[in-house]
Amino acid sequence: MKNQEVVKIFNDIADILEIKGENPFRIRAYRKAAQNIESLTQDIESLIEKKKLEEIPGIGKDLAQKIEEIISTGRLRFYEDLKKEIPKGLIDLLSVPSLGPKTAKLLYDKLRIKNIEDLEKMAKSHKLLKVPGIREKTEENILRGIEMLKRGKERQPLGKVLPMAMDILNGLKDSKDVKKISLAGSLRRMKDTIKDIDILATSPNPSKVMKAFVSLPPVKEILARGITKSSIITHEGIQVDLRVVEEGSFGAALAYFTGSKAHNIRLREMAMKKGLKINEYGIFNEKTDRKIAGKEEEDIYRVLGLPYIPPELREDTGEIESAINGELPELVEIEDIKGDLHVHSKWSDGSHTLEELAFAVKERGYEYLAITDHSKSLGIARGLTKESLLEMKKEVASLNKRLRGIRLLAGTEVDIRSDGTIDYPDELLSKLDIVVAAIHSGFRQEKEQMTKRVVRAMRNPFIHIIAHPTGRLLGEREGYDLDIDMILKTAKDTNTALEINGYPLRLDLNDINSRKAKELGVSLVISTDAHIISQLDYMENGVKVARRGWLSKDDILNTLPWEKLKKKIAKTGQ
């Protein structure tokens with residue numbers, strides 16, 4: 001739980017240093033460190049205990065000492081002193097998504113905006129337009145950012161909430177008083193944003209479980225404590241509700257507290273037609289009140305004449321009808337994935353060598369890994385020159401001669417320019433195994449222009465995959481203004497795959513667009529966009545999105561062995 005605390009402080013430091021006009025490399029060091037800490041799959045406190053902080057990519061002696069100070073004291077003196085060097089109102093403005101440090105400083109200097117409320121009022125009354133360089137589009141983006149900030153206080157990205165929930169769940173699992181335990185609610189359905197965490201458990205000693213729950217390290221505040229239900233607020237501001245139920249009702253409670261409101265209403269309607277009633281305690285004969293089922297979740301659906309419906313589908317978006325007709329898809333599993341097609345190495349802005357990455361993915365049971373380092377246009381990510389890309393390709397070929405059980409693919413993540421052209425020539429792209437294309441700048445183009453830009457890239461015969469297609473960053477940036485229907489149609493027509501990016505703040509394509517893609521027969525891949533080894537675990541996030549999008553392994557290209565995948569991605573002209 002301390003990881004996010006360190007991440008926030010390091011990102012704030014980077015913003016303040018940028019406002020002050022400090023060395024860009026120093027700013028980037030803090031941002032990179034924050035990104036790498038955020039992606040850790042273990043608690044940073046355990047790394048301190050094992051004296052392994054400096055094993056985190058981007059963490060040297062100085063940053064390691066700062067992390068230790070944050071963890072041991074709850075604050076960082078350097079950060080506190082730095083905040084004194086800029087006005088508090090300016091610091092508040094930095095929390096608005098899409099409002100960068102330089103623009104925030106400009107608005108503060110010119111208009112003396114003291115807080116976000118002032119900023120919102122001035123944007124709505126178009127007073128920001130008095131500042132040179134601020135246009136109507138800028139005002140619109142600022143207002144959208146403020147709205148996102150308000151929503152973000154209510155809902156958090158799945159990738160941030162799930163690790164918190166698993167920490168709490170695992171903390172309770174260790175208790176001998178807990179017999180069964182599971183996540184419930186929207187988190188079990190794996191929605192991309194989460195309002196709160198619901199946990200269900202069974203125990204012969206509920207009071208002991210409640211005592212253990214409210215005493216866990218993540219607890220900042222106890223909202224309520226009872227014999228069978230308690231609620232707390234974590235240090236990150238997330239509410240967690242724990243219910244202890246009778247073992248004979250665990251399945252019914254799990255079904256009741258997992259399904260969306262609309263899904264549960266459909267189940268109750270089906271029960272009524274059969275002369276039954278259903279609630280969190282079980283499913284009962286309405287006339288005799290005799291309990292028919294409740295211990296196992298599967299039994300609730302069986303009594304209603306339905307096959308088990310996976311939690312991710314319980315949104316009343318057709319899953320009931322599909323279940324009745326025997327048409328529920330067999331959803332993709334993490335074990336189905338045979339390789340990752342979007343990973344960065346030390347050749348650009350990644351933190352590991354090709355060999356280190358190869359061994360890491362082999363341990364995960366993969367058969368192949370695409371090295372897709374950035375192209376030359378993305379200078380901030382140390383994008384490769386043509387010569388460097390060819391050198392990387394040579395290293396891939398050399399490693400493949402001696403690696404066993406894993407194959408490296410020579411690839412790249414090219415930049416889609418504002419006009420839709422690519423920053424490497426086709427002759428060079430034709431020499432690669434896999435080419436991923438993405439937008440990294442010009443996010444605010446008009447819908448028609450942005451759509452044409454992506455469409456033109458997809459028509460390039462050497463582009464295989466469009467990465468993070470809508471460009472959204474949950475809680476930070478809305479997706480590009482795209483004609484998604486046109487994007488999907490062109491993807492189908494050109495045999496270009498679209499990526500489900502597992503990075504926690506992206507999850508892009510989202511579940512809705514992934515399902516649309518499936519229905520249109522568009523090829524999809526699930527990738528991690530990993531820059532450090534621990535981020536390879538983001539594949540699970542992508543799989544969860546795919547499951548919510550009703551996708552089976554047959555809909556995902558990287559469930560195929562490489563030789564079959566290679567044929568599937570081949571485009572006319574290659």
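We're numbering straight along the sequence, starting at 1. Values in this document were obtained by computation on a predicted structure and should not be read as measured data.
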K.L.:
Testing the 3.5 Å rule here: is there a donor-acceptor pair between the side chains of S203 and K180?
P.N.:
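No, no side-chain donor-acceptor pair sits under 3.5 Å.
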K.L.:
Would you check if there is a donor-acceptor pair between the side chains of D511 and S514 at a distance under 3.5 Å?
P.N.:
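No, D511 and S514 have no side-chain donor paired with an acceptor closer than 3.5 Å.
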K.L.:
Check whether the side chains of H531 and N36 place a donor and an acceptor atom closer than 3.5 Å, and report yes or no.
P.N.:
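Looking only at side-chain atoms, N36 and H531 do not form any donor-acceptor pair under 3.5 Å.
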K.L.:
Run the side chain to side chain contact (heavy atoms under 4.5 Å, CB included) check on S95 and I116 step by step: do they pass?
P.N.:
CA-CA 9 Å; S95 64; I116 294 170; 3.4 Å; yes
K.L.:
Taking only residues two or more places apart in sequence or in another chain, which ones pass ring-ring contact (aromatic ring centres under 6.0 Å, His included) with Y256?
P.N.:
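So Y256 forms no ring-ring contact (aromatic ring centres under 6.0 Å, His included) with any residue.
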K.L.:
Which atom names give the shortest non-hydrogen contact between D198 and G185, and what distance separates them?
P.N.:
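Answer, listing the atom of D198 first, then G185: OD2-CA, 3.8 Å.
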K.L.:
Quick check: closest heavy atoms across I67 and I48, and the distance to 0.1 Å?
P.N.:
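Smallest heavy-atom distance, with atoms named: CG2-CD1, 4.2 Å.
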K.L.:
Between D299 and K295 (salt bridge meaning N to carboxylate O under 4.0 Å), is one present in this structure?
P.N.:
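Answer for the salt bridge query: no.
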K.L.:
Could K83 and Y79 be counted as a cation-pi pair, given that NZ or CZ must be under 6.0 Å from the ring centre and within 45° of the axis?
P.N.:
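Pair K83/Y79 counts as cation-pi.
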K.L.:
Report the distance from atom CZ of R268 to atom CD1 of I283, rounding to the nearest 0.5 Å.
P.N.:
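So the gap between those two atoms works out to 12.0 Å.
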K.L.:
Starting at OG of S182, measure out to CG of L254 and round the result to the nearest 0.5 Å.
P.N.:
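Going from the OG atom of S182 to the CG atom of L254 covers 4.5 Å.
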K.L.:
What is the minimum heavy-atom distance between S345 and L357, and which atoms define it?
P.N.:
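Heavy-atom minimum between the residues: CB-CD1, 3.7 Å.
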K.L.:
Check step by step if salt bridge (Lys or Arg N to Asp or Glu O under 4.0 Å) holds for K277 and D289.
P.N.:
CA-CA 9 Å; K277 63 179 180 180; D289 211 32; 2.9 Å; yes
K.L.:
Quickly, which of K160, Q156, R155 forms a side-chain hydrogen bond (donor to acceptor under 3.5 Å, both in side chains) with T193? Name it, please.
P.N.:
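One option only clears the test, and that one is R155.
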K.L.:
Let me confirm one number: the OH-CG distance from Y366 to L536, rounded to the nearest 0.5 Å.
P.N.:
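It is 7.0 Å, given to the nearest 0.5 Å.
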K.L.:
Using salt bridge (charged side-chain N to carboxylate O under 4.0 Å, His left out) as the criterion, list what pairs up with K516, not counting sequence neighbours.
P.N.:
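With neighbours one apart ignored, the set is D485.
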K.L.:
By the definition side chain to side chain contact (heavy atoms under 4.5 Å, CB included), identify the one residue from M539, R364, E367 that meets it with I337.
P.N.:
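Looking at M539, R364, E367, the match for I337 under the side chain to side chain contact (heavy atoms under 4.5 Å, CB included) is M539.
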K.L.:
Hey, mind stepping through E315 and R189 against salt bridge (Lys or Arg N to Asp or Glu O under 4.0 Å) and telling me if it holds?
P.N.:
CA-CA 9 Å; E315 299 284 359; R189 300 200 308 277; 2.8 Å; yes
K.L.:
For N3 and V6, what are the C-alpha separation, side-chain angles and deciding distance, and is it a side chain to side chain contact (heavy atoms under 4.5 Å, CB included)?
P.N.:
CA-CA 5 Å; N3 295 30; V6 177; over 6 Å; no
K.L.:
Nearest 0.5 Å, what's the OG-CZ distance between S231 and F213?
P.N.:
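Reported to 0.5 Å precision, the distance equals 7.0 Å.
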K.L.:
Charged N to carboxylate O below 4.0 Å: is that the case for R188 and E297?
P.N.:
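The answer is yes: the pair qualifies as a salt bridge.
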K.L.:
Could you pull out the closest heavy-atom pair between I526 and N558, with the gap in Å?
P.N.:
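Shortest heavy-atom contact: O-ND2, 2.8 Å.
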K.L.:
For the atom pair NZ (K176) and NZ (K208), what is the distance rounded to the nearest 0.5 Å?
P.N.:
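The NZ atom of K208 is 5.5 Å from NZ of K176, to the nearest 0.5 Å.
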K.L.:
Using 30° and 60° as the class limits, which term best fits the ring planes of F78 and Y30: parallel, tilted or perpendicular?
P.N.:
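Because their plane-to-plane angle is under 30°, the rings of F78 and Y30 count as parallel.
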K.L.:
The test is side chain to side chain contact (heavy atoms under 4.5 Å, CB included); show your working for H352 and I533 and say whether it passes.
P.N.:
CA-CA 7 Å; H352 302 284; I533 282 172; 3.5 Å; yes
K.L.:
Do the side-chain N and O atoms of S230 and R225 include a donor-acceptor pair separated by under 3.5 angstrom?
P.N.:
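Side chains of S230 and R225: no pair found under 3.5 Å.
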K.L.:
Salt bridge between E18 and R31, side-chain N to carboxylate O under 4.0 Å?
P.N.:
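Between R31 and E18 there is a salt bridge, with a charged N closer than 4.0 Å to a carboxylate O.
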K.L.:
Can you confirm whether L223 is buried at CG, in the sense that more than 12 heavy atoms of other residues, nucleotides or ligands lie under 6.0 Å from that atom?
P.N.:
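More than 12 heavy atoms, drawn from other residues, nucleotides or ligands, come within 6.0 Å of this atom.
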K.L.:
Quiz question: by atom type and distance under 3.5 Å, do the side chains of N501 and D508 form a donor-acceptor pair?
P.N.:
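Per modelled atom types, N501 and D508 side chains form no pair under 3.5 Å.
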K.L.:
Return the minimal non-hydrogen interatomic distance between P469 and L498, and the atom names on each side.
P.N.:
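Reported closest heavy-atom pair: CG-CB, 4.3 Å.
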K.L.:
Let me confirm one number: the CE-CG distance from M270 to L304, rounded to the nearest 0.5 Å.
P.N.:
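It is 5.5 Å, given to the nearest 0.5 Å.
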K.L.:
Can you list every side-chain hydrogen bond (donor to acceptor under 3.5 Å, both in side chains) pair that touches residues 46-55, not counting sequence neighbours?
P.N.:
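Output for this query is empty, none listed.
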K.L.:
Can you confirm if the NZ or CZ of K291 lies within 45° of the ring axis of Y281 and under 6.0 Å from the centre of its six-membered ring?
P.N.:
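Relative to the ring axis of Y281, which defines the angle, K291 lies outside at least one limit.
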K.L.:
Less than 4.0 angstrom from a charged side-chain N to a carboxylate O is my criterion; do D192 and R472 meet it?
P.N.:
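Here D192 pairs with R472 in a salt bridge, since their nearest N and O are under 4.0 Å apart.
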K.L.:
Flag this pair as yes if the NZ/CZ of R243 is under 6.0 angstrom from the six-membered ring centre of F257 and inside a 45 degree cone about the axis; otherwise no.
P.N.:
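So R243 does make the cation-pi contact.
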K.L.:
Passes side chain to side chain contact (heavy atoms under 4.5 Å, CB included), L509 versus V545? Steps please.
P.N.:
CA-CA 8 Å; L509 286 176; V545 173; over 6 Å; no
K.L.:
If the test is salt bridge (Lys or Arg N to Asp or Glu O under 4.0 Å), which one of E540, E319, E333, E330 qualifies with R547?
P.N.:
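Only one of E540, E319, E333, E330 forms a salt bridge (Lys or Arg N to Asp or Glu O under 4.0 Å) with R547, namely E333.
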K.L.:
Indicate whether the side chain of D537 and that of Q535 have a donor and an acceptor atom separated by less than 3.5 Å.
P.N.:
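The answer is no; no qualifying pair exists.
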